[in-house]
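Any value given below was found using the heavy atoms of this structure, including those in side chains, with hydrogens, waters and symmetry copies removed.
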Amino acid sequence: MEKIVVVGGGAGGLELATKLGRKLGRKKKAHITLVDRNTTHLWKPLLHEIAVGTMDEGNDAVSYRAQAYAKGFHFRIGTLTDIDREQRQVVLAPVLDEEGVEYIPATRIDYDYLVMALGSVSNDFGTPGVKEHCIFLDSAKQAHRFRNKLLNRFLRIQRVPDEPDEVRIAIVGAGATGVELSAELHHAVKEFHHYGFDAITNEHLHVTLLEAGERILPALPERISTAATRELTNIGVKVRTQTMVTSAEHNGLHTKDGDFIEADLMVWAAGIKVPEFMANIGGLETNRINQLTVNPHLQATRDERIFAIGDCAEFIQEDGKRVPPRAQSAHQMADTCYDNLLACLHNKPLKTYHYKDHGSLISLANYSTVGSLMGNLTRGSLFIEGRMARVVYISLYRMHQVAVHGLIKTGLLMLAGKINRWLRPRLKLH
């Protein structure tokens with residue numbers, strides 16, 4: 001029986017393992033294993049909502065073990081450290097408990113076909129002080145860290161009479177994460193006011209969004225950037241473009257222009273990279289941000305038995321542009337990789353991956369949603385904003401849920417979500 005190992009349980013990895021489990025694992029046609037360092041999956045585009053408490057990850061997190069049991073694949077917790085291509089094995093680091101005591105030794109897992117779907121982490125570009133003083137909003141752990149610090153700051157203002165009542169938050173990087181977090185913060189403060197934090201209002205919140213480029217959302221059409229800038233300014237976010245951060249301290253950021261931006265909380269969302277251990281792992285070809293270079297079939301250029309999908313894959317399109325690190329890219333790559341793995345098992349020709357840009361949407365909390373639809377499916381793009389854009393934005397997450405759970409269970413999850421909004425507080429306060 002062929003062994004297929006998927007490393008990384010993000011959007012693409014979990015969807016791929018689920019499809020393979022349904023098609024092959026349940027029927028004992030192949031042994032499917034998903035490896036991840038965490039025990040649960042969260043859809044990464046929602047991390048900004050978890051960070052401010054407007055989303056309770058306990059309701060939306062997917063247990064890898066439960067998913068494996070339900071969909072016919074196996075789950076192994078672990079952190080990849082190396083790939084032994086000669087033996088066709090992935091090497092996992094020892095697993096430690098909270099006290100640092102090893103409870104699972106280093107292990108090796110055999111594979112016939114390997115799929116790398118590790119995703120990405122924040123890239124600080126070596127900027128001094130950033131690792132020590134900024135929060136990287138690239139995981140649930142970091143989102144929890146931000147929320148705890150925010151709640152502690154609110155609580156101090158509420159309980160200590162002489163404490164300055166300002167909450168200064170600096171966000172470096174005006175891509176989707178930075179922009180959406182800026183808006184979500186202002187929305188959350190209105191809700192916090194109802195739960196005993198009556199000393200906190202939006203007038204006390206000072207959010208500064210910093211972008212080194214000429215405009216926010218530089219990867220998206222200018223019309224979307226302009227609309228988002230207008231909405232953020234209207235709700236009180238201070239948007240500073242052409243502002244490069246040169247270093248960070250415990251109480252603020254230094255800029256190239258010589259300014260010092262004071263902040264109680266600092267978030268770094270200025271770029272991505274693949275973890276450092278991926279650089280030339282197993283002798284495979286990687287680029288400067290450690291992405292695996294792949295061929296048109298999503299296979300590693302130096303090993304046809306290894307595939308890569310999502311943020312950890314560098315795919316160059318025919319026009320010379322790289323496929324952007326988005327959830328829709330990971331979803332499409334997972335579909336093509338699934339087809340190609342089946343083709344490999346049946347000695348059939350492989351499909352070429354073609355990225356289809358279905359547009360981009362940016363959520364500005366309950367204030368607005370802006371974006372474009374259709375992308376390269378038409379000669380141009382259809383600009384949308386407001387309620388319609390919000391519906392489409394939410395539908396992207398529902399599509400991911402359908403891929404993971406199926407249509408019926410997703411419908412039940414939506415119903416449960418509506419019930420929880422009635423039963424539970426609007427914010428996660430712990």
Side-chain angles (χ1 to χ4, degrees), residues 1-10 12-37 64 68 71-95 104-119 274-287 290-315 330 333-351 353:
M1 186 185 297
E2 299 277 23
K3 300 180 180 68
I4 301 175
V5 176
V6 180
V7 180
L14 182 58
E15 289 182 15
L16 177 60
T18 297
K19 291 184 71 173
L20 290 170
R22 288 171 178 162
K23 181 70 174 181
L24 303 173
R26 283 177 175 172
K27 301 174 182 178
K28 307 298 181 184
K29 293 183 177 180
H31 188 278
I32 315 299
T33 302
L34 174 65
V35 178
D36 198 277
R37 64 189 302 176
Y64 289 126
K71 305 302 179 183
F73 63 90
H74 300 266
F75 172 67
R76 295 284 293 273
I77 189 169
T79 300
L80 178 76
T81 59
D82 201 4
I83 302 172
D84 186 338
R85 290 167 55 202
E86 290 187 3
Q87 299 295 322
R88 290 184 190 164
Q89 294 176 328
V90 292
V91 183
L92 304 183
V95 181
I104 299 178
T107 55
R108 288 173 171 253
I109 301 176
D110 296 322
Y111 71 85
D112 294 296
Y113 293 96
L114 172 64
V115 182
M116 301 297 292
L118 281 168
V274 181
E276 294 296 339
F277 71 85
M278 282 290 292
N280 302 310
I281 189 169
L284 299 173
E285 183 181 2
T286 55
N287 64 10
N290 309 322
Q291 290 175 310
L292 284 170
T293 305
V294 297
N295 65 19
H297 309 303
L298 300 177
Q299 296 166 301
T301 53
R302 296 174 183 170
D303 195 326
E304 63 181 13
R305 287 183 173 268
I306 298 177
F307 293 78
I309 64 174
D311 291 3
C312 74
E314 181 192 47
F315 186 94
M333 285 183 170
D335 286 344
T336 300
C337 186
Y338 169 78
D339 291 337
N340 284 343
L341 285 168
L342 294 184
C344 287
L345 296 179
H346 297 97
N347 296 315
K348 293 183 178 180
L350 303 187
K351 290 184 177 181
Y353 170 66

- Chi angles and distances behind the side-chain contact (heavy atoms from CB on, under 4.5 Å) call for L20, F73: CA-CA 8 Å; L20 290 170; F73 63 90; over 6 Å; no

- With side-chain contact (heavy atoms from CB on, under 4.5 Å) as the test, would you mind laying out the steps for I309 and Y353 before giving the verdict? CA-CA 11 Å; I309 64 174; Y353 170 66; over 6 Å; no

- Message: Assess the residue pair L80 and V35 against the criterion (side-chain contact (heavy atoms from CB on, under 4.5 Å)); give the C-alpha distance rounded to whole Å, side-chain angles, the decisive distance to 0.1 Å, and a yes or no.
- Response: CA-CA 8 Å; L80 178 76; V35 178; 6.0 Å; no

- Carefully, step by step, assess L345 and K29 under the rule side-chain contact (heavy atoms from CB on, under 4.5 Å). CA-CA 10 Å; L345 296 179; K29 293 183 177 180; over 6 Å; no

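Looking at heavy atoms from C-beta onward, D335 lies in side-chain contact with K19 at the 4.5 angstrom threshold. I306 has its side chain within reach of Y111: a pair of non-hydrogen atoms, C-beta onward, lies under 4.5 Å apart. Counting heavy atoms from C-beta on, the side chains of K3 and I109 never come closer than 4.5 Å. In this structure, L24 and E2 have side chains that are not in contact, with every pair of non-hydrogen atoms separated by 4.5 Å or more. Proximity of F277 to L118: side-chain heavy atoms (C-beta onward) are separated by under 4.5 Å at one or more points. In this structure, the side chains of R76 and T107 come closer than 4.5 Å at one or more pairs of heavy atoms. Contact of the Q299 side chain with the N340 side chain is not registered, since no non-hydrogen atoms from C-beta on lie closer than 4.5 Å.
In this pair, F75 and Y64 present their aromatic rings parallel. The plane angle is below 30°, not in the 30 to 60° band.
Atoms NE2 and NE2, from H31 and H74 in turn, are 3.5 Å apart once rounded to the nearest 0.5 Å. The distance from atom CG of N295 to atom CG of D303, rounded to the nearest 0.5 Å, is 11.0 Å. Taken from CG in D112 to CD1 in I4, the straight-line distance is 8.5 Å, to the nearest 0.5 Å. Distance check, rounded to the nearest 0.5 Å: CZ of F315 to CD of Q291 gives 12.5 Å. Note that CG of L284 is 5.5 Å distant from CG of L292, once rounded to the nearest 0.5 Å.
Open room surrounds CD on E304; 12 or fewer heavy atoms of other groups in view lie less than 6.0 Å from it. Counting non-hydrogen atoms of other residues, nucleotides and ligands closer than 6.0 Å to CZ of R22 gives a total above 12.
In terms of the side-chain contact (heavy atoms from CB on, under 4.5 Å) criterion, A330 has no residue partners (sequence neighbours excluded). With sequence neighbours left out, the side-chain contact (heavy atoms from CB on, under 4.5 Å) criterion links N290 to V274, E276, M278, A279.
Taking both residues in full, the closest heavy atoms of G119 and P275 are given as O-CD, 4.5 Å, listed atom of the first, atom of the second, then distance. The shortest non-hydrogen separation linking A343 to P349 is CB-O, 3.6 Å. Summarising the geometry of C344 relative to L350, their closest heavy-atom pair is SG-CD2, 3.7 Å, with the distance given to 0.1 Å. The nearest pair of heavy atoms linking L34 to A17 is CB-CB, 4.2 Å. In plain terms, the two heavy atoms of A313 and V294 that are nearest each other are CB-CG1, 4.3 Å.
Checked against L298 for a side chain to side chain contact (heavy atoms under 4.5 Å, CB included), the options T336, V115, L341 give a single hit: T336.
Looking at K351 and D339, a side-chain N of the basic residue comes within less than 4.0 Å of a carboxylate O on the acidic one, giving a salt bridge.
Remark: side-chain polar atoms of E285 are not paired, donor with acceptor, to backbone N or O of A300 under 3.5 angstrom. Side-chain atoms of T81 come within 3.5 Å of backbone atoms of V91 as a donor-acceptor pair (strictly under, hydrogens ignored). Between the R302 side chain and the G283 main chain, a donor and an acceptor come within less than 3.5 Å of each other.
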